[in-house]
Structures are given as C-alpha cells and as structure tokens.
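Report on the structure given below.
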Amino acid sequence: MLSEQEIQRREALSRLRELGYEPYPAAGYQVTHTAEDILKGFEEKPDDYKQVSLAGRIMSKRIMGKAAFSDLKDHTGRIQLYFNRDEICPDEDKTAYNEVYKKLTDIGDFLGITGEVFTTRMGEISVLVKSFVFLSKSLRPLPIVKTDAEGNVYDAFTDPEQRYRQRYVDLIVNSGVKETFMKRAQIINSMRNIFNEQGYLEVETPILQPIPGGAAARPFITHHNALDIPLYLRIANELYLKRLLVGGFDGVYEFAKDFRNEGMDRTHNPEFTVMEIYVAYKDYKWMMTFTEKMLERVVKEVNGETTKVTFGDNTIDFKTPFKRVPILEAIKEHTGFDVSNMDENELKEVCKKLNIDTDDTMGKAKLIDEIFGEACEKHYIQPTFITDYPKEMSPLCKRHRDNPNLTERFELMVNGKELANAYSELNDPIDQRERFEEQLMLSEKGDDEAMFIDHDFLRALEYGMPPAAGLGIGIDRLTMFLTNNSSIQEVLFFPQMRPEKKAAAPRKEDFTNIGVPEAWVEHVMKHYPSVKQLLEAKPTQVHQALNGYRKKNKLAIDALQLVDVENWYTSQS
RNA sequence: GACUCGAUAGCUCAGCUGGUAGAGCAUAACACUUUUAAUGUUAGGGUCCUGGGUUCGAGCCCCAGUCGAGUCACCA
C-alpha cells in the first residue's frame, strides 16, 4: 500500500509529464558551480557568479506568494535558492512557478538550476533562480530534520535500525555521517601513501581460500561447484602475504576484507577490514617504531596537525613514542601474580583467584590471554605496545631472542582495546610445523578456533622466507577511534543486519490481478487473507462460502458465478 | 546466549484505572514579494510489530513470537 504522500508524488510525476517536464531526463546536466564554490567565493568576487548552474536535491521549501526559498543540497553542502515568480516566468504564463515549482516539486527531488548569486536582505548568500529542470523526481518522502539558528536539531532521524538499513537516507538527512566515511577514506589513503613512499607493494590475495589460515577464528564456509570442494572466506591474509616474501618481494601490504563467523555486537561485524603489511629483514622492534610513526602521521593528516584524539570521555594522544610493556609485567603489575613460569594448573588457580571463568579446552596461552584481557587490557587507554607474548598464543611468531618461552610479538592497545598486532615472523619451517601441530592438538581438545595446518604454506617456508616483521591493523577500529564513534556500525556503510521481514499485508491488487471483481475484494480478503490461501481452497468451496456470506450480509453486489471463481484459478497458471 | 528497554501517521514522539487514537514537523488547500525550525487559517493521513488469550470492550493487561537498542557473556 502506498501512503497518501507517495500517491501524491506519483500524481505530481504524471502531471509533470503532461506539462512537458521530463522527471527523469536522459541527458547529462552541465554543472558549473557547487554550493561550496559559491559560499566560499562569492563575497570576494561577486562578478564571477552572475551566471551559475548547479545540481542537487531540494531539501526544503518556504513559499510566500510570489517569492519562495528552497535549500539545495549537493555533494559539497547546502545553498539557498530564491524562486521569484516573475523571474522564472517573465511572460504571461506563470505555470512554471505556480504549478511546477510550488505544487509539483517535492522535498527530495533532484533539480538542475541556473541563475545568479546574490545576498538576501537577511544576509544569506543565495542563488536567484532563472530556470530549472528536473533531474530526478523523488517518490518517497524523506524524514525532515530541521536545525535552527542555534544549531538545535529537531525531529532527528535517529533510529539506528533505520539508519543502518537505509544508509542512503541517513546520509541525506544526517549531517556528520558523510564526514565519518570521508575520514575513513583519508585514513586509508594516508596509510597507503606512507607504504608507497617506502616502496612497499600493494597486492591482492585470495578471499576464497581452501584453508582458512593466519588467525584463530571460525570461518564462513562456501562451496565451489565446478571443483566440488569447500572453500572458506578468509579470516586473515597473513599466510598469502608471507608466500609473497618467499617469492622475493621486500615489502607487501593489503587492505583486506576478512570474514569471521562469530558474534555481532557494536565492535564486531562479520566482515571487516584489516590492513596487513610484511617487511623483509626487519623485526618487531623496528615494526613498533614504524607503527607508532605511521599512526602519529595518520592522526595528524586526518584530524589536522594534532596528535590528540577525543574518544568518549578520554583524550588519546598518539604522540610518539608509545609506551612498551611486556605482557607478563603487565599481568604482574595489575594482578600481583608472576605467571611467567606457571604451568596450566597453576594458571587456572590464578584465574580462580581473579574470578575468571576457565574451561578444559583452554591451554596455557589462552589462560594468560584471559588474565590479560580481564585484568589488564582496560588500563591501557593511551597507545601502549604490549610485547613478548607466550609462545603458545602466537603460532606464527618467532621465538623471543632472549627467552624461548616467549615470542617476539606486540599488540597495540588503545582505549583498552586491541588496535594492532605484529610479529617478528616465524620463518623456521620446522618450528612452524611443530607449532601447527600444537594447534591441531588444541583443536582436538575442543578449541574450535585453533588453526588448521596449511601444508603449502609450510612448503613455501621450506624454500626459505627472509626474516620479516608483519603488522595487522583493524581499519574499522582505527576509524572508530579517529571519528569518536563507539560502534563499528557507525563506520561501515552497510553493517550486517538481520534480513528485513517482508510485510505480509495482503494487497488489493493481488486479488484484482487474478480477476476478483473490485466490489468483492474486501469481502474475499476477510475469508482468505492472501491469494495463496484463496487458491489452496477448492473453487466450489470458495464460490459457496462467498455467496453465502453475500446472502447473510445482504450485500448489494452481484452474486459470483462458479465459472468466475474458476477463472481466478486458471489466471494463475 | 542471559537480562533490561523499545516498536503508535512519511519522521520525532505523547497516549489517563482498559472505553472507537493525539501533537509537532511533513502532506493538501487558501493567504502572503527576501524567508530561514518562515508564518496564519483549514483539511486529509493510522493493519497502534505479528499471532493467540483475558474482557461486554485491548494501543494499554497476560502468553508466545519477530525485529531493534542497551548491559553482560562470547569474540586475540
């Protein structure tokens, strides 16, 4: 069912065609200026704006007899349009103003206008419209969000469900949404520039993988018909990028969509973007310096020459150098326990004392990770590198040069959350094979996130991979920090949502389409709410039921013939 | 997965102990030649998320479900 306003807009549409205005013209429209051009340049050089042409969406109408104002929104912003009857219609025929603009133009329509820039008595730079054409008629009313002089917003379109499901509407009516996504693009551009300046190569690796490797996570599974094999959507691209180091590249990086079949909440979306970079002949210490310098520069470029970022109640300063804290020291500091030489049972004892739930599938690594996650993580608000994780937690990472039980790994914590993860990459093929086998044991123990063994990756390592440092940064999370958004859905254009339920409301047309007479439709619908249900009953039954109903209620409409009813059925097939 | 809250006009929201649904904006009509949340007068617009139940009577109470939000759990 169309709403009243939708019907009105469709009527306006056909009236426009009657009057010779094409609401969806095929030809392009020559745009000479944008709202931003005019607002920025007019005061300085008013003579350059005698003749302007711009295009955009009508966002408001304020009509006062022979004069009217509208706001036009283009991709750069909003500008006021002044429509004057006698400017648009110099001749006797006032249709273009009285009917086309005043009655047939709706909020949301795309117009192309030409005119002259001037300043109104109220002091607002505006365009005096000389002529206008329709570029696209809008058939659905937009939510109307108004802002007054003090910046107070009225009737904001705020329902998160609608905003995410209909992001296009969100982008039209809510200022600030666009800026978030422009910043997101800037973040990525800025990082890409930094990598390219170093001569690192941007590459693409498979999203469909026969073995989902490089991380501990549950994958999505799909099926390739021609090969008749299962394929997995990648959970990380690490193992492919390292193969490229084997192949002889010195530095490779990829902005990659990864997919993890896990829970969704305001910091997790099933698909998300990660930047991974691998640089040969470097170690994790080098990578720490590289990472902090990179982030400092990205923050400055995105937020304008400051290293400080406001996030919720916190101010986070990305000024280098960041603090560096080994994980075991972090645990000691925040819990008082020295877990460095503990075995599994001792660790479980510690967990118990700290009120951390454990289960049998947890190995040493997972237990330490739990302790850190529960007791320590939240304390690291300012960017801090947590370093030297236990070996079992990091199956792709080199052993620590000073302590064989640790690895050369760091995570960057910001605002109590992991933002980046990096290693001195393990390139000893025999060690790597053993680590995979340990993962396999975990898997057999019931840890459904333990890694699979990738034999081709091992084969690649056996040819020799240069020592290298690798880094992964969650782009969505970084964007959240730099745009002060606490939910990942705000930094993804189209966050994953449960499918919308189709409105099951029956439509009159469904019934008239199969031949039910207009006068009968409402009564038929009372008996059979949907065409499907109607057709599931026998024609004779339907015929009798309906005519019985007619008689009982003394309806002043013609009785149905059995033939008519039978025709409804045949019209379907 | 658990708990809490929510779903009413195109949008934002109200709705008295249960008695045939209201406002603002938007829409339509009229007035108005520089407004800016334009204004004034008038009008139209609703499967009150779905399905059951209680009741003479349900937007409201009860049960079940759907979708969403928040908190927690899970999630390097």
Side-chain angles (χ1 to χ4, degrees), chain A residues 1-9 11-12 59-71 78 80-87 97 102-103 106-108 118-124 126 128 138-165 169 173 215-218 235-236 260-270 327 357 359 365-366 368-370 372-374 377 386 389 393-395 409 411 413 417-421 448-449 472 474 486-487 489 497-507 525 529:
Chain A
M1 278 295 274
L2 293 175
S3 68
E4 187 190 29
Q5 293 191 46
E6 289 173 293
I7 292 165
Q8 281 162 0
R9 285 174 181 230
E11 282 166 357
M59 296 305 286
S60 70
K61 280 167 86 183
R62 299 182 289 281
I63 296 171
M64 286 137 287
K66 281 188 279 184
F69 292 90
S70 278
D71 288 331
R78 285 187 184 219
Q80 179 168 269
L81 304 181
Y82 174 52
F83 288 82
N84 180 292
R85 189 185 68 193
D86 299 323
E87 292 284 347
Y97 179 75
K102 271 170 72 173
K103 304 204 169 168
D106 289 302
I107 291 174
F118 74 112
T119 308
T120 63
R121 271 185 220 161
M122 301 299 289
E124 180 159 348
S126 307
L128 170 63
S138 164
L139 295 182
R140 225 177 241 273
L142 285 169
I144 306 292
V145 179
K146 294 202 169 185
T147 310
D148 68 15
E150 281 85 50
N152 300 314
V153 176
Y154 300 85
D155 299 330
F157 179 64
T158 50
D159 178 10
E161 177 173 5
Q162 291 200 68
R163 288 185 48 232
Y164 302 153
R165 285 195 197 279
V169 175
V173 303
R218 276 191 290 271
I235 54 176
R260 295 188 184 175
N261 205 343
E262 290 166 351
M264 290 164 54
D265 58 32
R266 60 176 210 300
T267 55
H268 295 84
N269 194 64
I327 187 169
D357 290 337
D359 63 58
K366 197 124 190 171
I368 290 174
D369 192 41
E370 283 293 316
F372 179 77
E374 284 294 317
E377 210 171 61
I386 303 297
Y389 284 67
M393 285 173 72
S394 318
R409 171 180 181 182
E411 283 194 359
M413 308 302 300
K417 291 265 158 56
E418 179 201 343
L419 178 62
N421 183 19
D448 55 4
E449 290 182 349
S486 59
S487 117
Q489 284 79 18
M497 304 280 282
R498 227 175 267 276
E500 266 181 285
K501 219 172 56 177
K502 282 260 159 51
R507 299 186 315 149
M525 283 167 75

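The chains referred to below are lettered A, B, ... by the order of the sequence lines, with proteins before strands, and numbering in each begins at 1. Quick note: numbers below take in every heavy atom, side chains included, and nothing from hydrogens, waters or symmetry partners.
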### Summary
Nearest-nucleotide check on RNA chain B, S126(A) vs E411(A); residue mapping nearer the 5' end is S126(A)

### Task
Select base, sugar-phosphate, or nothing to describe what N421(A) touches, counting heavy atoms under 4.0 Å on all strands.
base

### Which nucleotide in G10(B), A28(B), C25(B) has an atom nearest any side-chain atom of P141(A)
G10(B)

### Message
Rounding to an integer number of angstrom, what distance separates G22(B) and C16(B) when you compare their C1' atoms?
### Response
13 Å

#### Entry: Beyond-backbone contact of V153(A) with V145(A), side-chain heavy atoms, under 4.5 angstrom
yes

### Message
Cation-pi check for Y389(A) against R409(A): NZ or CZ below 6.0 Å from the six-membered ring centre and within 45 degrees of the axis, yes or no?
### Response
yes

### Query
Partner of G57(B) by Watson-Crick or G-U wobble geometry, both contacts under 3.5 Å, or none?
none

### Message
P141(A) and side chain to side chain contact (heavy atoms under 4.5 Å, CB included): which single residue from R9(A), E4(A), Q8(A) fits?
### Response
R9(A)

### Message
Students often get this wrong, so: under 4.0 angstrom with heavy atoms, is Y97(A) touching a base, only sugar-phosphate, or nothing?
### Response
nothing

### Task
To the nearest Å, give me how far apart CZ (F118(A)) and P (U33(B)) are.
16 Å

### Message
Main chain of S60(A), side chain of S70(A): is a donor-acceptor contact present, judged purely on distance under 3.5 Å?
### Response
yes

#### Entry: Closest approach of K103(A) to K61(A) (non-hydrogen atoms, all atoms of both residues)
N-NZ, 4.4 Å

### Query
Using purine N1 to pyrimidine N3 plus N6-O4 or O6-N4 for Watson-Crick, or N1-O2 and O6-N3 for G-U wobble, both under 3.5 Å, which nucleotide pairs with U27(B)?
A43(B)

### Message
Is there, by distance only and without an angle test, a donor paired with an acceptor across the side chain of R62(A) and the base of U35(B) below 3.5 Å?
### Response
yes

### Message
Does K417(A), at its NZ atom, have more than 12 non-hydrogen atoms belonging to other residues, nucleotides or ligands within less than 6.0 Å?
### Response
no

### Query
Expressed in whole Å, how much space separates the C1' atoms belonging to A28(B) and A9(B)?
15 Å

### Query
If you look at every strand shown and take non-hydrogen atoms under 4.0 Å, does T120(A) touch a base, only sugar-phosphate, or nothing?
base

### Message
Give me the distance, rounded to whole Å, that separates U8(B) from C13(B) when you measure between the C1' atoms they each carry.
### Response
9 Å

### Query
Looking at the side chain of R165(A), which of C67(B), C75(B), C11(B) is the nearest nucleotide?
C67(B)

## Note on the structure
Checking U12(B), C25(B), U71(B) against the side chain of R266(A) (C-beta onward), the nearest is U71(B)

### Task
Ignoring the backbone of E161(A), work out which of A76(B), C67(B), U35(B) is nearest its side chain.
C67(B)

### Query
Distance check: side-chain N/O of R163(A) vs OP1/OP2 of G68(B), anything under 4.0 Å?
no

#### Entry: Touch class at under 4.0 angstrom, heavy-atom based, for N152(A) against every strand present
nothing

### Query
Between atom CE in M264(A) and atom P in A73(B), what is the gap in whole Å?
19 Å

### Message
Measure CE/M122(A) against C1'/A38(B) and give the value in whole Å, please.
### Response
10 Å

### Summary
Among A29(B), U35(B), G45(B), the one nearest any side-chain atom of E4(A) is G45(B)

#### Entry: Length of the line joining L2(A):CG and G44(B):C1', which is rounded to integer Å
17 Å

### Task
Round to the nearest Å and state the distance from D159(A) atom CG to A9(B) atom P.
12 Å

### Task
Taking only the side-chain heavy atoms of I144(A) (C-beta and beyond), determine which of U34(B), G68(B), C25(B) contains the nearest atom.
C25(B)

#### Entry: 5' priority, RNA chain B, between Y82(A) and K103(A) [closest heavy atom]
K103(A)

### Message
Side chain of D369(A), heavy atoms from C-beta onward: which of U33(B), A26(B), A76(B) has the nearest atom to it?
### Response
A76(B)

### Summary
D86(A) atom CG is separated from U34(B) atom C1', nearest whole Å, by 15 Å

### Message
Counting only side-chain heavy atoms from C-beta out, which of C25(B), C74(B), U34(B) sits nearest to K146(A)?
### Response
C25(B)

### Separation of atom CG in D155(A) from atom P in A26(B), rounded to whole Å
9 Å

## Note on the structure
In whole angstroms, the gap separating P of A73(B) from CD of E374(A) amounts to 7 Å

### Query
Looking at U36(B), G68(B), C11(B), which one has an atom nearest to any side-chain atom of Q80(A)?
U36(B)

### Task
Taking atom C1' in both A37(B) and U20(B), compute the distance separating them and give it to the nearest angstrom.
35 Å

### Message
So L142(A), base contact, sugar-phosphate only, or nothing? Heavy-atom distance under 4.0 Å.
### Response
nothing

### Query
Is any side-chain heavy atom of M122(A) closer than 4.5 Å to a side-chain heavy atom of F69(A)?
no

### Task
Using the P atom as the reference point in each nucleotide, state the distance between G51(B) and G15(B) in Å, no decimals.
25 Å

### Summary
When both distances are under 3.5 Å in a Watson-Crick or G-U wobble arrangement, the nucleotide paired with C75(B) is none

### Task
Applying side chain to side chain donor-acceptor pair (under 3.5 Å), run through Q489(A) and S487(A) and close with a yes or a no.
CA-CA 5 Å; Q489(A) 284 79 18; S487(A) 117; 3.3 Å; yes

### Query
Can you tell me the Watson-Crick or wobble partner of C13(B), both distances under 3.5 angstrom?
G22(B)

### Query
Touch check for A68(A), heavy atoms < 4.0 angstrom, all strands: base, sugar-phosphate only, or nothing?
nothing

### Message
Taking donor-acceptor contacts at under 3.5 Å, does the side chain of Q5(A) reach the base of A26(B)?
### Response
yes

### Given G10(B), A37(B), U34(B), the nucleotide with the shortest approach to the side chain of Y154(A)
A37(B)

## Note on the structure
Using Watson-Crick geometry (N1-N3 plus N6-O4 or O6-N4) or G-U wobble (N1-O2, O6-N3), each under 3.5 Å, A37(B) is paired with none

### Query
In whole Å, what separates the P atom of U27(B) from that of A14(B)?
24 Å

### Message
Under a 3.5 Å cut-off for both contacts, is U4(B) paired Watson-Crick or G-U wobble with anything, and if yes, with which nucleotide?
### Response
A69(B)

